[in-house]
Novice: 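Attaching a single structure in structure tokens format; questions to follow.
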Amino acid sequence: MDKGSNQSRNGSAKKTDEIRRIEPDLKVNLCGIILDNPVIAASGPFGYGHEYRALTNFEALGGIIVKGVSLEPWTGNPPPRLAETASGLLNAIGLHNPGLDQFLEKDLPLLRDAGPRLIVNVVGCSINEYSRVASHLDGVEGIDGLEINISCPNVKAGGMAFGTDPEATYQAVSAVRRRTKLPLLIKLSPNVTDICVIARAAEEAGADGISLINTLAGMLIDVGQKKPLLGNTFGGLSGPAIMPVALKMVWQVAGTVKVPVLGMGGINSAEDALQFIMAGARAVAVGTGFFYDPELPVKINAGLTEYMKTNGISNLGRIEGIARS
Amino acid sequence: MDKGSNQSRNGSAKKTDEIRRIEPDLKVNLCGIILDNPVIAASGPFGYGHEYRALTNFEALGGIIVKGVSLEPWTGNPPPRLAETASGLLNAIGLHNPGLDQFLEKDLPLLRDAGPRLIVNVVGCSINEYSRVASHLDGVEGIDGLEINISCPNVKAGGMAFGTDPEATYQAVSAVRRRTKLPLLIKLSPNVTDICVIARAAEEAGADGISLINTLAGMLIDVGQKKPLLGNTFGGLSGPAIMPVALKMVWQVAGTVKVPVLGMGGINSAEDALQFIMAGARAVAVGTGFFYDPELPVKINAGLTEYMKTNGISNLGRIEGIARS
Amino acid sequence: MWLLKTKKGPEYQTEDCPVIDKQVVASGYCRVALHAPVIARKVDPGQFVQIFMPPEHRDHMLPRPFSIFGANRKNGELVILLEIKGRGTDLLAGTGPGSSWKLLGPLGTGFPALSPASLLVAGGMGIAPLAFLAASAAVPCTLIYGARTAGQLICPQSDLNRPGLSLLETTEDGSRGEKGTAVDLLSRLIADAGTVFACGPRPMLAAVNNLCRRAGIEAWVSVEERMACGVGACLGCAVATGSGYKRACRDGPVFRAEEVILDG
Amino acid sequence: MWLLKTKKGPEYQTEDCPVIDKQVVASGYCRVALHAPVIARKVDPGQFVQIFMPPEHRDHMLPRPFSIFGANRKNGELVILLEIKGRGTDLLAGTGPGSSWKLLGPLGTGFPALSPASLLVAGGMGIAPLAFLAASAAVPCTLIYGARTAGQLICPQSDLNRPGLSLLETTEDGSRGEKGTAVDLLSRLIADAGTVFACGPRPMLAAVNNLCRRAGIEAWVSVEERMACGVGACLGCAVATGSGYKRACRDGPVFRAEEVILDG
Ligand SMILES: Cc1cc2nc3c(=O)[nH]c(=O)nc-3n(C[C@H](O)[C@H](O)[C@H](O)COP(=O)(O)OP(=O)(O)OC[C@H]3O[C@@H](n4cnc5c(N)ncnc54)[C@H](O)[C@@H]3O)c2cc1C
Ligand SMILES: Cc1cc2nc3c(=O)[nH]c(=O)nc-3n(C[C@H](O)[C@H](O)[C@H](O)COP(=O)(O)OP(=O)(O)OC[C@H]3O[C@@H](n4cnc5c(N)ncnc54)[C@H](O)[C@@H]3O)c2cc1C
Ligand SMILES: Cc1cc2nc3c(=O)[nH]c(=O)nc-3n(C[C@H](O)[C@H](O)[C@H](O)COP(=O)(O)O)c2cc1C
Ligand SMILES: Cc1cc2nc3c(=O)[nH]c(=O)nc-3n(C[C@H](O)[C@H](O)[C@H](O)COP(=O)(O)O)c2cc1C
Ligand code: FES
Ligand code: FES
């Protein structure tokens with residue numbers, strides 16, 4: 001980042017002045033959802049958004065993806081649900097959520113006019129559950145898109161997640177596609193041998209975009225207690241620890257599918273965001289970052305603007321995937 | 001760790017005194033290789049061992065797994081080959097190595113009488129290459145076992161690594177098994193949907209033990225240059241960042257196969273080592289840790305001894321896999 | 001408008017707080033006074049703050065939760081009692097006056113107001129929220145403060161020396177105060193108690209709850225859970241209750257004792 | 001016996017080194033003197049040390065390599081010239097006297113001995129190993145020291161003020177010394193040169209190599225690569241040469257200029 005900027009600064013002072021006059025446009029079109037800027041709150045850490053209203057400047061958020069919503073309330077996993085790891089966070093919330101009705105009644109009204117585009121993360125244990133939530137949300141005022149989290153266990157297929165098998169992915173996505181006209185992002189699990197196969201299946205089934213990555217499967221053991229630390233034994237690893245893994249998957253998928261990619265996993269700075277965009281992401285999401293810096297989106301936006309000004313880039317389309325060429 | 005020790009300390013002073021008199025035996029039997037202690041140098045970071053002779057007390061190493069050896073010399077990847085990430089290291093050495101002949105002539109003599117058991121990490125691009133290295137090493141004085149790194153691209157199968165497909169794993173391991181009587185550890189890649197399927201295939205094909213994990217696939221982008229940072233684009237992530245992922249795979253595989261498991265991935269302390277042992281590992285390996293603390297094996301051994309004394313554990317078999325019950 | 005509490009301003013917020021005083025009150029424990037005028041003005045007893053790790057230690061992702069031990073609305077002083085437990089508390093304890101901590105607060109649902117004849121029961125570090133509760137009380141009250149041994153009664157006497165507060169110390173080894181546990185003492189005093197307020201290890205809270213239920217006395221407990229957001233968003237701090245999992249950070253940390261499943 | 005150099009003791013080792021002096025020599029640059037008697041006694045010009053990150057910053061895995069800028073065998077002082085480039089150098093530059101750095105060294109293959117009429121060419125931070133080479137020389141020599149502008153000639157004059165050393169400064173903007181690059185000056189002086197020793201950015205080294213090859217003059221260059229182990233084990237620091245990849249940390253960092261593929 002600095003190398004680039006130094007070069008142009010040291011080039012011609014006049015040229016630099018001209019470049020600086022560019023007013024960067026941070027708008028991006030994420031599969032039909034127009035975001036004022038490419039920074040989104042990832043599903044989960046940000047809850048239903050309103051909890052962060054006093055902490056995060058919502059103008060710095062192009063969109064909010066709310067925590068996973070299922071048809072009925074889910075109780076989630078027994079505590080402890082959280083553990084800190086080296087530059088990472090292990091969580092096993094278990095998709096605890098109050099269910100669709102309460103989301104629509106209680107949470108949505110608090111967010112509808114908040115500013116950022118609103119995307120609902122949908123979870124389910126069967127194709128039927130996914131479809132029913134999608135169909136209920138279709139046409140609801142204030143909802144701009146859906147993100148289908150296919151990392152949940154597929155009860156019919158013996159508990160393996162939908163997102164680890166291309167055929168199951170295709171089935172689930174097609175079913176949801178038939179039930180909604182909303183832009184459809186499919187959120188993939190990184191715990192697979194070949195993420196491209198899954199992404200392609202989702203695209204073929206009608207996905208408008210691919211979100212990745214969800215958390216890496218992991219665990220910790222409480223040595224004193226001689227048992228797994230998390231109540232659920234296994235959890236998902238997020239945060240800067242996983243960033244290089246996420247970036248590689250975004251790179252691979254962006255080279256495989258034609259629909260836009262929403263990149264996430266450990267994003268911690270404008271420089272990280274630029275890495276994802278240069279790898280081919282249309283927009284980026286921040287999750288774990290909210291826990292240690294609720295103002296992270298503000299900083300990322302400021303850094304992106306500064307980078308674009310310094311390098312004479314008027315819109316992010318100019319650098320999307322540029323590291324691939 | 002502390003909770004356990006506090007409890008026994010606060011219990012009965014007399015009982016504690018008795019416990020403290022136990023002289024812990026750190027010896028373990030890793031598929032026929034008797035290690036004086038369960039801490040091994042992982043393949044790669046430690047090179048061929050002699051480079052670390054002045055930095056690491058070899059008495060703290062139960063064994064050394066030397067860097068991957070192939071039939072012919074391999075040139076490896078273009079630089080840069082290394083990048084630091086949050087609590088992790090990304091490397092793309094590309095299995096650069098001087099080949100079997102030079103290993104036997106130059107490196108082996110420097111290590112043969114060093115003390116720790118010696119395990120040779122074997123790499124190849126075809127079943128034939130693996131088999132030939134294994135057969136050459138069979139019966140060579142000073143070599144106590146082989147670790148077959150099946151994470152290399154399988155040229156015949158279109159470049160997918162052997163270790164991502166159970167059938168290819170079975171073929172490769174059976175072929176090597178026929179060519180050597182040495183104890184055979186199979187080193188697995190974590191970049192798969194279901195590590196247990198691969199581990200089972202290796203066991204059925206005659207593996208004496210399973211080593212895991214190798215590095216997680218990842219990448220970084222140099223934002224200034226607008227291109228991938230590593231010369232090879234992709235690299236492998238190691239270090240504390242990946243520890244929870246490694247621990248989970250060790251836990252799963254130890255519950256799946258009957259042969260012993262050698263656990264590794266970000267081990268950074270005696271407490272980490274205990275987590276792996278309690279998850280079911282027979283022994284543990286340290287890789288990236290050597291870069292920031294060449295004395296890490298000494299500290300891990302000291303911590304294990306202290307833990308065993310405090311908790312009245314005479315040998316590690318007593319806690320192997322204890323967190324599973 | 002959709003702000004949660006428009007008139008009062010936000011319930012909680014982040015605040016950069018200079019450390020104005022740090023005292024080591026016992027080995028591994030310190031009392032830290034911060035200048036936190038916004039949070040100090042709003043905080044109620046039983047509420048807590050999240051303290052962010054310094055940005056140069058970003059390998060530690062999570063802020064750490066601490067009860068408010070004292071707050072002075074007038075001069076904006078906020079006091080924390082801190083036990084070094086691991087890397088995070090070690091880092092915090094290693095800084096002192098001259099440095100600044102970033103706080104998020106005040107968070108959570110605190111204690112209800114004290115009624116006359118309230119009995120406060122603190123085990124170990126459970127003293128932190130109860131000392132603040134006692135200090136804020138409009139009526140006289142009794143505080144039972146127990147630990148294993150005298151050295152673990154680390155709360156400075158000066159912080160407990162308030163008019164209307166009768167302090168009863170207990171140690172299991174009898175090295176200070178009465179010999180026995182805080183619960184032993186509670187069982188002897190419970191007949192005359194109004195409401196009971198407790199904070200301490202889970203087994204102690206379970207015993208308090210059992211005693212109070214049998215005696216038909218209302219009891220409130222403050223519980224600890226691992227936390228991430230601290231504001232009720234992530235659902236990471238689940239506490240098992242009779243009506244499903246609740247959030248320690250928002251629905252708690254103070255709950256009716258009968259509501260929480262304490263011996264699970 | 002299989003120790004590498006039994007008689008002399010190990011070639012390299014780790015040493016805990018108190019920082020005895022730190023001077024900010026320009027904004028973003030400092031000169032750090034350490035007490036490192038073991039390493040200082042052994043080090044040759046062109047060799048380097050790895051400096052470990054402080055253990056409380058374990059999110060930074062890798063030690064950072066630094067050329068030896070000066071060494072006093074008698075009092076055990078080792079001097080480093082440090083440019084703040086990122087998190088690691090920032091952390092190091094943030095500490096000072098009173099703290100200790102853990103070093104690993106001396107590492108690598110340094111420069112061969114200077115012959116009369118040697119010409120040393122330093123670009124920017126390339127001054128570090130060459131200043132030490134000049135200071136250790138038994139014969140007079142000439143040092144060309146170039147940078148973009150005067151402010152980037154950050155090496156303290158006192159460290160270059162040695163008998164037998166003629167210092168020629170160049171800046172691209174002419175703000176100090178001759179106007180032009182170090183290579184421009186070299187091209188004018190090369191006819192009279194014995195051997196050339198160079199350290200600086202890759203393009204500069206490539207230009208030096210081209211000049212010397214055309215003039216038929218022997219040239220040595222010191223190159224930089226990202227490193228992990230520093231001792232030749234991990235093969236992470238590959239440098240492309242005419243005969244395959246070599247290790248910057250062990251086969252180098254000093255190579256014959258003609259051997260390295262400098263413009264790749
Ligand atoms: C509502 C509340 C109030 C608290 N009040 C105080 C107080 O006044 N004084 C005090 O000294 N301590 C208090 N604690 C406990 C304190 O938060 C932990 O001791 C501290 O977070 C441990 O951090 P560490 O990095 O030192 O330990 P580590 O073990 O290294 O922490 C690892 C992780 O586990 C979490 N963690 C570990 N133990 C606990 C715990 N018991 N509760 C919550 N999270 C934990 C931490 O948040 C951290 O993310 C309170 C906890 C809660 C939930
Ligand atoms: C043999 C050798 C001698 C050196 N001598 C000096 C010296 O005398 N003075 C000085 O200021 N600097 C010197 N450097 C460069 C110095 O090592 C890097 O500037 C420093 O490692 C950057 O670390 P950072 O954490 O501040 O930067 P970051 O960019 O945050 O570093 C990230 C990683 O990249 C590596 N890295 C980044 N740039 C370089 C580089 N140019 N060379 C090697 N590794 C790099 C670091 O090791 C680190 O692991 C030398 C490098 C080598 C290889
Ligand atoms: C506490 C927590 C809860 C999460 N809940 C959800 C969820 O409900 N649905 C979902 O698709 N992803 C969920 N995620 C995954 C994140 O959206 C994101 O994919 C992942 O954490 C990687 O990004 P990060 O490193 O920026 O957090 C959750 C992550 C965390 C840490
Ligand atoms: C620089 C480097 C080189 C490696 N080379 C090899 C190798 O040759 N063969 C192999 O099986 N694994 C190799 N590995 C993987 C390690 O043996 C180990 O599985 C992995 O790094 C995880 O452990 P760690 O986090 O302790 O490093 C290498 C790792 C690193 C960092
Ligand atoms: S800590 Fe996030 S909901 Fe309580
Ligand atoms: S840094 Fe490891 S071989 Fe050079």
Side-chain angles (χ1 to χ4, degrees), chain A residues 41 44-56 66-68 73-98 109-115 229-231 235 238-241 266 268-269 287-295, chain C residues 1-6 8-16 38 50-55 57-65 86-88 102 104-107 202 223-241 243-250 260-261 264:
Chain A
F46 206 63
Y48 296 104
H50 47 81
E51 300 90 344
Y52 270 94
R53 190 58 192 86
L55 306 178
T56 303
V66 298
K67 200 170 161 34
W74 284 7
T75 53
N77 289 323
R81 292 178 173 184
L82 298 168
E84 197 183 70
T85 72
S87 296
L89 169 67
L90 199 60
N91 90 80
I93 311 295
L95 297 168
H96 180 173
N97 83 87
L110 290 173
L111 264 186
R112 198 173 264 141
D113 305 314
L229 195 149
L230 296 175
S238 62
N268 186 30
S269 64
T288 304
F290 283 106
F291 297 146
Y292 58 82
D293 187 0
E295 292 275 31
Chain C
M1 248 304 278
W2 55 281
L3 259 179
L4 283 181
K5 305 220 173 170
T6 338
K8 294 211 300 179
E11 279 175 284
Y12 47 77
Q13 64 190 76
T14 56
E15 187 173 12
D16 285 309
V38 182
Q50 288 266 61
I51 305 184
F52 292 96
M53 293 293 103
H57 295 283
R58 262 302 134 71
D59 47 331
H60 296 287
M61 303 274 92
L62 297 181
R64 269 52 174 176
R87 285 286 294 134
K102 192 169 163 194
L104 165 60
L107 299 171
R202 279 278 167 119
V223 300
E224 291 191 2
E225 270 307 331
R226 287 153 179 269
M227 293 181 177
C229 72
V231 298
C234 73
L235 306 187
C237 58
V239 177
T241 75
S243 48
Y245 292 120
K246 297 216 166 171
R247 298 164 301 178
C249 74
R250 178 105 194 136
V260 189
I261 299 170

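Here is the naming used below: chain letters follow the sequence lines, and residue numbers restart at 1 for every chain.
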Novice: Check whether A:F46 gets within reach of chain C through its side chain, its backbone, both or neither, counting any heavy atom under 4.5 Å.
Specialist: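 Only the backbone of A:F46 comes within 4.5 Å of chain C.
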Novice: Can you check whether A:P79 reaches C:R226 side chain to side chain, under 4.5 Å on heavy atoms?
Specialist: no
Novice: So for A:L82, is it side chain, backbone, both, or neither that comes closer than 4.5 Å to the heavy atoms of chain C?
Specialist: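 Both the backbone and the side chain of A:L82 come within 4.5 Å of chain C.
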Novice: For each of C:V231, C:D59, C:T14, C:V239, tally heavy-atom pairs with chain A at distances under 4.5 Å, and name the one with the top tally.
Specialist: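 Result: the option with the highest number of such pairs is C:D59.
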Novice: Picking from C:G88, C:P63, C:C229, which has the most non-hydrogen pairs under 4.5 angstrom with chain A?
Specialist: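 Heavy-atom pairs under 4.5 Å are most numerous for C:C229.
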Novice: Among C:G244, C:G232, C:A240, who wins on heavy-atom pairs under 4.5 Å with chain A?
Specialist: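 Option with the greatest count: C:G232.
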Novice: Could you measure the distance from the OG1 atom of A:T85 to the NE2 atom of C:H60? Nearest 0.5 Å is fine.
Specialist: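 Result: 10.5 Å between the selected atoms.
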Novice: In the structure I gave you, are the side-chain heavy atoms of A:K67 and C:L235 within less than 4.5 Å of one another anywhere?
Specialist: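 The answer is yes, as the side chains (C-beta and beyond) meet within the 4.5 Å cut-off.
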Novice: Are any of the side-chain heavy atoms of C:Y245 and A:P78 separated by less than 4.5 Å?
Specialist: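 A side-chain contact under 4.5 Å exists here.
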Novice: Is C:K102 close to A:D293 at the side-chain level, that is, under 4.5 Å between some pair of heavy atoms?
Specialist: yes
Novice: Under a 4.5 Å cutoff for heavy-atom pairs, which residue among A:G94, A:P73, A:P45 has the most contacts with chain C?
Specialist: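 Top count of heavy-atom pairs under 4.5 Å with chain C: A:P45.
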Novice: At what distance, to the nearest 0.5 angstrom, does CD of C:E11 lie from CZ of A:R53?
Specialist: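 Answer rounded to 0.5 Å: 13.5 Å.
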Novice: Against chain C, work out which of A:G231, A:G88, A:G239 has the most heavy-atom pairs shorter than 4.5 Å and name it.
Specialist: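 Result: the option with the highest number of such pairs is A:G88.
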Novice: For chain C, which candidate among A:A86, A:S87, A:G47 shows the most heavy-atom pairs at distances under 4.5 Å?
Specialist: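 Ranked by heavy-atom pairs under 4.5 Å with chain C, first place is A:S87.
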Novice: Any heavy-atom pair between the side chains of A:Y292 and C:R58 that's under 4.5 Å?
Specialist: yes
Novice: So which part of A:A241 gets closer than 4.5 Å to some heavy atom of chain C, the side chain, the backbone, both or neither?
Specialist: neither
Novice: Does the side chain of A:E84 come within less than 4.5 Å of C:R64's, by heavy atoms?
Specialist: yes
Novice: Given heavy-atom pairs under 4.5 angstrom as the criterion, report whether the side chain, backbone, both or neither of A:L229 touches chain C.
Specialist: side chain
Novice: Side chain, backbone, both or neither: which part of C:M227 has an atom under 4.5 Å from a heavy atom of chain A?
Specialist: backbone
